> 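Below you will find the structure I want to go over with you.
Just so we're on the same page: letters track the sequence lines, and every chain starts at 1. Everything quoted here is computed from the prediction, not taken from an experiment.
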Amino acid sequence: MAKLRLQFCKEGRAVYISHLDLLRTFQRVFLREGLVLRHSQGFHPHPLLSFALPLPVGQASDCELLDFETDGQLKLAGLPEKLNRYMPEGIVAVDCWEAAKPVRELDALRCRVELLYDGGVTADTAKAVEELFARDTIVIQKRTKHKAMADVDIRPLIRELSFSADGEALILDAVVAAQNPGLNPALMAAAVETCLPAYRPDFVRVRRLMLLDREGASFR
Amino acid sequence: MDKRLERILPRVQKPARYVGGEYNEVRKDKSSVELRVAFCFPDTYEIGMSNLGFRILYGIMNDMPGVWCERVFAPWGDMEAELRSAGIPLFALESGDPVGEFDVVAFSVGYEMAYPAILNMLDLSGIPLHAGERDSLAPLVIAGGTAMYNAEPLADFIDLALIGEGEDEVPELLELYRRAKREGWSKKRFLRAAADIQGVYVPSLYDVSYHDDGTIRSITPLDGAPEKVYKRVVHDMDKSYFPSKTIVPSTEVVHDRVTLELFRGCIRGCRFCQAGYVYRPVRCRSREQAFQYGVEACKDSGYQEMTLSSLSTSDYPGLVGLCDDLEQFCRESHVNLSLPSLRADNFSMDLMQRLQRGRKAGLTFAPEAGTQRLRDAINKNLTEEDLHQSLRTAFSGGWNAVKLYFMLGLPTETDEDVLAIAEMANHVLHTWRESATNKNRGVRITVSTSWFVPKPFTAFQWEGQITREEYERRVKLLRGAITAKAVTYNWHDGDTSFLEAVLARGDRRLGKVLELAFRKGAHLDAWSEYFDLSRWEEAFAECGLDPAFYANRVRDKEEIMPWSVISCYVSDKYLWHQRELAYQSVPTPDCRTQCSGCGANVVEGGECSRG
């Protein structure tokens, strides 16, 4: 059968499940439903499962995509509901379809970053943060794959950005580059911590809202 | 989720182990339950969630209407520091509620090095450590598990201990508690009533007096408490609960697979082995039932690995038939079947070869001693010829890694026995050279030795542990004798084994030492990252107690042991006789060949199931 794509949410207690643990969890969820995934053909066969854009631990998402293949024919209607009987708390499958677009066409990510200030968001804070993101370049240090620190300019990776305040939260609604290179939205909060130490938030929450293709439509 | 908790989780290692929410976690409406149990495992999530007994009792308690049992694990050091600095008390995973709010706080205690973690978890929960400081019925602090056959070092802290297998005992105790809660009993009245349940040991109902030399003069039951507390056992494994629907952790744990228990007890009777004595008699699950549970558990969990578990899997009567049945299911469902605790005999090797698919992992054998004389003394019925026959099969089948486990310091051990371990390793290498199919891949032979710890309820309960100097001398002796490049020698850290020997046969005076060591920072001492013997040495000195009194002293036949109120049905007379046979290097036949009259069969009405 063709490659299938499952969309799911990950939130609440499930945000702490890491990428590898999530792979294992999904393998088991499919087996609980009695679905045998197609396996690789090597000496140590492993099930063919991949996430379009791995989600960092601690972040929530409404729009995770998991690609998988099965050996037999599979009825897609009702599949998310069936799988949801076997999920850990906080992971909810919402839709499933035959994947037509390759993941490389995934272009951008709509997300929400909440900067939480226990004393409430002051006008000064809001102003300072807005001014920060109005700069042409925002250089922060990022750990590379080789564990060294490197400077990166995150500003060009932010495509759209708007601000709002809600009680203790200063909310950044953004569209950021998804890959090659992509921007982990948490780095927007890191930029505030680095460049505006006086306005360091007490806590940060990140949520992915939607994956976008090159035309700005929902990536499916 | 608690807002304060949400803030610390991003900073700690492996946060998934602190939040619960896994598949099959049991959630109940707390306003509609009568009795809440915080089921505590005094080690990390990864260890606790790998424990079959913990899963069995979690299932049994939650199957009781009106009872909600939730899990609590010891936090790793980073999490503990965060909890303490944020002022968050230890909480249960299911509801997130503080442990101090529960009716019953129950610890599953597998071994002695977990004791400090028990105190630490009580402290993190804000529960007074001493049983005497807790006047009300809740929280009632109880403990069970194999280590509780000698609960004396914990006597100051726990309200009661459950001896033996908990399947029937735990529900009986909880029913009594429920009644006590409903009727507003005092804690004192409850404890006295609980002591009448078989298997329940209430330390505060026994007065212990000592001779001047530190040995016990007498143990006197108070208030009509029973003279002897007999262990509880499951009589019929086919009627006993098996957790085929059980929590599947969302993060990797140590034993991340289906554990299918085939039987309790062991027919072998190794004289050093506490489990071998206290889990008598042997009780088997039928082959049909085992198969059904295995399949159900795989289907429900989605696990693709299953292990057949017991003290000595090769001794399961229906093993070949069961494996035949399981093999087909496993092949169709991509499930890997593994057989630990196999004996080194032909039968077991054939089975292993048949079930092995893909990578050939290393083989592990535990000869325990280097000479046949010493193996006869400890009643480890393994001959070197059996071992080499098995290895010939294995090496010619493509295996190329072997681990061999031994103990140093076994009673009657001489330098000749120690050096024979090195000879055995060389002999294994020789066998590989003779029978390996592909010599280019080389072979890895690992010899590991631990320092023998005498345990209560064994034939060696009267023995002294050899001194540290002697242990280190024997390690050095062996190290010098192992010369082949293909043989790696690992030896166990001495500090832990010494303290284990102290705590395993300790009396209730050790409570003070335990508490002091805890105050000095002993929290997760089962982990070498955190263990530090110097804290304990200071604690002993401050309490005026000598650890060598507990670890290294040979006891008299007549000495009253700290655990002598407890009985696992195996008589002292029998254990002493086994000790005498050890000194004559005379083995005892296994239980299936011939009953040697240990006494454990009284629980089965005088007749052991020979299975």
Side-chain angles (χ1 to χ4, degrees), chain A residues 10-40 42-49 56-60 71 83-92 114 116-118 168-169 186 189-190 201-206, chain B residues 1-27 45-46 79 86 93-96 245-253 256-258 295-306 331-336 357-361:
Chain A
K10 186 170 182 263
E11 60 190 355
R13 300 200 270 180
V15 303
Y16 302 102
I17 302 176
S18 70
H19 175 65
L20 274 178
D21 287 335
L22 192 65
L23 267 174
R24 270 190 284 268
T25 297
F26 267 103
Q27 281 177 30
R28 291 170 189 160
V29 166
F30 282 111
L31 284 168
R32 286 169 203 153
E33 169 56 24
L35 277 179
V36 179
L37 296 170
R38 179 170 292 170
H39 280 61
S40 64
F43 189 64
H44 301 298
H46 59 88
L48 295 169
L49 280 180
V57 172
Q59 299 186 8
D71 279 327
L83 295 178
N84 285 339
R85 294 180 297 172
Y86 305 112
M87 295 284 194
E89 187 186 304
I91 298 179
V92 182
E114 290 180 45
L116 295 165
Y117 295 91
D118 291 342
E168 294 184 336
D202 294 300
F203 191 63
V204 178
R205 279 197 204 107
V206 177
Chain B
M1 186 184 293
D2 187 306
K3 203 169 123 186
R4 295 171 303 166
L5 183 61
E6 186 189 11
R7 292 201 178 179
I8 62 181
L9 286 174
R11 292 198 293 266
V12 301
Q13 293 173 48
K14 304 187 195 164
R17 56 188 164 170
Y18 302 118
V19 296
E22 310 94 322
Y23 175 63
N24 279 340
E25 174 191 83
V26 176
R27 308 212 64 176
Y45 178 89
E46 292 90 323
M79 182 63 170
L93 294 187
E94 280 75 0
S95 64
K245 190 170 177 60
T246 184
I247 294 173
V248 182
S250 304
T251 182
E252 202 169 14
V253 297
D256 213 2
R257 58 185 79 107
V258 168
V295 170
E296 278 173 15
C298 283
K299 285 187 171 162
D300 186 78
S301 62
Y303 273 129
Q304 289 184 287
E305 206 182 327
M306 172 161 44
R331 199 181 322 110
E332 286 163 5
S333 332
H334 299 279
V335 171
N336 248 311
R357 269 195 297 273
R359 181 179 296 146
K360 289 191 165 77

> Using a strict 4.0 Å threshold on nitrogen-to-oxygen distance, state whether A:E168 and B:K3 make a salt bridge.
yes

> To the nearest 0.5 angstrom, please state how far the NE2 atom of B:H334 sits from the CD atom of A:Q27.
11.5 Å

> Do B:S250 and A:D21 meet the criterion of a side-chain donor-acceptor pair at a distance under 3.5 Å?
no

> Which one wins on heavy-atom pair count under 4.5 Å against chain B: A:H39, A:R28, A:E33?
A:R28

> Who among A:D202, A:I91, A:L116, A:V36 has the most heavy-atom pairs with chain B under 4.5 Å?
A:D202

> Salt bridge (charged side-chain N to carboxylate O under 4.0 Å, His left out) with B:E46: which residues, sequence neighbours excluded?
B:K14, B:R17

> Donor-acceptor pairs under 3.5 Å, side chain of residues 4-13 of chain B to any protein atom, not counting sequence neighbours: which ones?
{"residue": "B:R4", "atom": "NE", "partner": "B:D2", "partner atom": "OD1", "Å": "3.4"}
{"residue": "B:R4", "atom": "NH2", "partner": "B:D2", "partner atom": "OD2", "Å": "3.2"}
{"residue": "B:E6", "atom": "OE1", "partner": "A:R205", "partner atom": "NH2", "Å": "3.1"}
{"residue": "B:E6", "atom": "OE2", "partner": "A:R205", "partner atom": "NE", "Å": "2.7"}
{"residue": "B:R7", "atom": "NH1", "partner": "A:D118", "partner atom": "OD1", "Å": "3.1"}
{"residue": "B:R7", "atom": "NH1", "partner": "A:D118", "partner atom": "OD2", "Å": "2.9"}
{"residue": "B:R7", "atom": "NH2", "partner": "A:D118", "partner atom": "OD1", "Å": "2.8"}
{"residue": "B:R11", "atom": "NE", "partner": "B:E82", "partner atom": "OE2", "Å": "3.0"}
{"residue": "B:R11", "atom": "NH2", "partner": "B:E82", "partner atom": "OE1", "Å": "2.9"}

> Examine whether an atom of B:E252 lies under 4.5 Å from a heavy atom of chain A, and if so say whether it belongs to the side chain, the backbone or both; otherwise answer neither.
both

> What distance do A:R32 atom CZ and B:Y23 atom OH have between them, rounded to the nearest 0.5 Å?
5.5 Å

> Heavy-atom distance under 4.5 Å to chain B: side chain of A:Y86, backbone, both or neither?
both

> Can you tell which part of B:S301 gets under 4.5 Å to a heavy atom of chain A, answering side chain, backbone, both or neither?
backbone

> Considering all heavy atoms of both residues, which atom of B:A16 and which atom of A:Y16 are nearest to each other, and what is their separation?
CB-O, 3.4 Å

> State, to 0.1 Å, how close B:L93 and A:R13 come at their nearest heavy-atom pair, and which atoms those are.
O-NH1, 3.0 Å

> Identify which part of A:V29 has an atom lying under 4.5 Å from any heavy atom of chain B, answering side chain, backbone, both or neither.
neither

> To the nearest 0.5 Å, how far apart are CZ in A:R24 and CD in B:Q304?
12.0 Å

> Measure across B:P15 and A:V57 and return the closest heavy-atom pair with its distance rounded to 0.1 Å.
CG-CG1, 4.3 Å

> Can you say whether A:T25 sits under 4.5 Å from chain B via the side chain, the backbone, both, or neither, judging by heavy atoms?
side chain

